[in-house]
Each structure stands twice: as structure tokens, then as C-alpha cells.
Amino acid sequence: MVLLTNENLVKEAYKAREFAYSPYSKFKVGAALLTKDGKVYRGCNIENAAYTPTNCGERTAFFKAISEGKKEFEKIAIVGHFDNVKEEDRDYCAPCGVCRQVMVEFCLAKEFEVIIAKGEDDYKIYTLEELLPLSFSNENLS
Ligand code: THU
């Protein structure tokens, strides 16, 4: 258990969003993934002219962490919106289905927390199980 406030993790997600590469959709996403040993991995969405190689911010954060040997995760904060939308008109950006499936590969669905924010102090928290019930995971193959 690591002491980093949810507000600070959301701030990290906003910092990650600054590097979003999304010239096609213009939708910028930032994610901040907290490992059980207290490290934060930031990720942004990275689009591509061929569209399908696009990587979401959440998966960028996960792949960065996993590629550096991290295997245990506590929670992730996610922010996503267009630049030209006023703060009061923004929506929560929930992770796409593909990202949820990647999360369930590496996290305990009952425990892993997904924080979706539309402001530094305006966020909702879900367990991964709430976002991806009845999932297919490595447990099905063991
Ligand atoms: N996107 C994310 O990065 N995360 C999400 O949870 C939803 C969508 C990105 C993908 C694409 O670059 C843009 O947002 C529009 O779909």
C-alpha cells in the first residue's frame, strides 16, 4: 500500500496528457499508473496516420511499466478531453475495452482501482471488476 493521494495521481495524469500525440482526433488522454512499490508511470495516447496502430494513454502507461519489470499495480488515474472544451463541459474519460482487457491481464480486478477525472479534484473511482465484469483472463487458462 502506497501513500500517494488520488489528487496527486490525477495531477500526474494531467502532466502525461501534455505529451499526447493526437493530430487526427485532437482528443488528448493522459494516464498515471501507480505500482505497488510506489512508482508512477505516465502514459499518453499516441496516434498514427494509419489509425489502427494508435495506442491509448492507459496502455502506454502499462507497457512502459511492464517493460521496466513492474508487475504489481495499485491504481490508475485517467484524464481525457479536447483542448477547446471548458472545464465545466468536460466529461469523464473511461478506459476503452481494449485497455480494460490489458488491465485485467496484470491486475486483480477486485482490487485494482480506476480513477477517471475531469478536474484535479473531480473524479470517480471504480474497481476494474466494475468496469469489466465476467472477464476472460489468465485464470481461465490455468
Ligand atoms: N483514447 C485513449 O487514449 N484512452 C481512452 O480511454 C479512450 C480513447 C484515445 C485513443 C485516440 O487517440 C483518441 O483517444 C480518440 O479515440
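Only heavy atoms go into these numbers, but all of them, side chains included; no hydrogens, no water, no symmetry mates.
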* **Arg59/Val98 under side chain to side chain contact (heavy atoms under 4.5 Å, CB included): CA gap, chis, key distance, verdict** => CA-CA 9 Å; Arg59 272 176 291 144; Val98 173; 3.7 Å; yes

* Audit row: Ile78, Glu58, side chain to side chain contact (heavy atoms under 4.5 Å, CB included) steps and yes/no -> CA-CA 7 Å; Ile78 305 161; Glu58 297 90 321; 3.7 Å; yes

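- Between Met103 and Val114, the closest side-chain pair of non-hydrogen atoms falls below 4.5 Å.
- Here the closest non-hydrogen pair linking Thr127 and Glu130 is N-OE1, 2.8 Å.
- Closest heavy-atom contact between Pro23 and Glu47: N-OE1, 3.8 Å.
- With rounding to the nearest 0.5 angstrom, the CG atom of Leu9 is 6.0 Å from the CG atom of Leu34.
- Counting only heavy atoms from C-beta outward, the side chains of Asn48 and Tyr24 never approach each other to under 4.5 Å.
- The cluster map of Ile, Leu, Val, Met, Phe, Trp and Tyr, joined by side-chain heavy atoms under 4.5 Å apart, puts Leu131 and Phe62 in the same cluster.
- A heavy-atom distance below 4.5 Å is not found between the side chains of Tyr51 and Ser25.
- Nearest heavy-atom pair, Ala94 versus Ile116, reported as atom, atom and distance to 0.1 Å: CA-CG2, 3.9 Å.
- Under the 4.0 Å criterion applied to side-chain N and carboxylate O atoms, Glu74 and Lys36 are not assigned as salt-bridge partners.
- Side-chain contact, Asp122 with Tyr92: a donor N or O sits under 3.5 Å from an acceptor N or O.
- Looking at Asn6 and Lys75, their side chains do bring a donor and an acceptor atom within 3.5 Å of each other.
- Minimum interatomic distance between Cys56 and Cys99 (heavy atoms only, all atoms of both residues): CB-SG, 3.4 Å.
- Leu108 and Ile115 are not part of a single hydrophobic cluster, where members link through side-chain heavy atoms under 4.5 Å apart.
- The closest side-chain heavy-atom distance from Lys39 to Asp37 is below 4.5 Å.
- Although no hydrogens or angles enter the test, the distance criterion places a donor-acceptor pair under 3.5 Å between the side chain of Tyr14 and the main chain of Gly119.
- Ring geometry, Phe82 versus Phe27: the interplanar angle exceeds 60°, so the pair is classed perpendicular (tilted spans 30 to 60°).
- The shortest side-chain heavy-atom distance between Ile46 and Phe19 does not fall under the 4.5 Å cut-off.
- For residues 98-121, every residue pair satisfying the side-chain hydrogen bond (donor to acceptor under 3.5 Å, both in side chains) rule, not counting sequence neighbours, is listed here: Lys110-Glu129.
- Closest of all the heavy-atom pairs between Ala13 and Ala77 is CB-O, 3.6 Å.
- No donor-acceptor pair closer than 3.5 Å links the side chain of Arg42 to the backbone N or O of Leu33.
- Counted by atom type alone, Thr60 and Asn55 present one or more donor-acceptor pairs between their side chains at under 3.5 Å.
- Taken from SG in Cys96 to CG in Asn45, the straight-line distance is 10.5 Å, to the nearest 0.5 Å.
- Under the salt bridge (Lys or Arg N to Asp or Glu O under 4.0 Å) criterion, Lys64 pairs with no residue at all, not counting sequence neighbours.
- With Asp89 contributing its side chain and Lys86 its backbone, the two residues share no donor-acceptor pair below 3.5 Å.
- Side chain of Arg90 to backbone of Val85: a donor-acceptor contact under 3.5 angstrom is found.
- No more than 12 heavy atoms of other residues, nucleotides or ligands shown are found within 6.0 angstrom of CG on Leu134.
- Heavy atoms of other residues, nucleotides or ligands lying less than 6.0 angstrom from CD of Glu139 number 12 at most.
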* side chain to side chain contact (heavy atoms under 4.5 Å, CB included) evaluation trace for Val79 with Val10 -> CA-CA 7 Å; Val79 296; Val10 170; 4.3 Å; yes

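- In this structure, His81 and Glu87 have side chains that are not in contact, with every pair of non-hydrogen atoms separated by 4.5 Å or more.
- By the criterion of side-chain heavy atoms lying less than 4.5 angstrom apart, applied directly or through intervening Ile, Leu, Val, Met, Phe, Trp or Tyr residues, Val102 is grouped together with Leu128 in one hydrophobic cluster.
- Side-chain contact annotation: Glu72 with Thr35, donor-acceptor N/O pair under 3.5 Å absent.
- Clustering ILVMFWY residues whenever any of their side-chain heavy atoms sit less than 4.5 angstrom apart, transitively, puts Ile125 in the very cluster that holds Leu4.
- The CD1 atom of Ile76 sits 5.0 Å away from atom CZ of Phe112, with the distance rounded to the nearest 0.5 Å.
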* **Stepwise side chain to side chain contact (heavy atoms under 4.5 Å, CB included) test for Ile66 and Phe73** => CA-CA 10 Å; Ile66 289 152; Phe73 304 103; 4.0 Å; yes

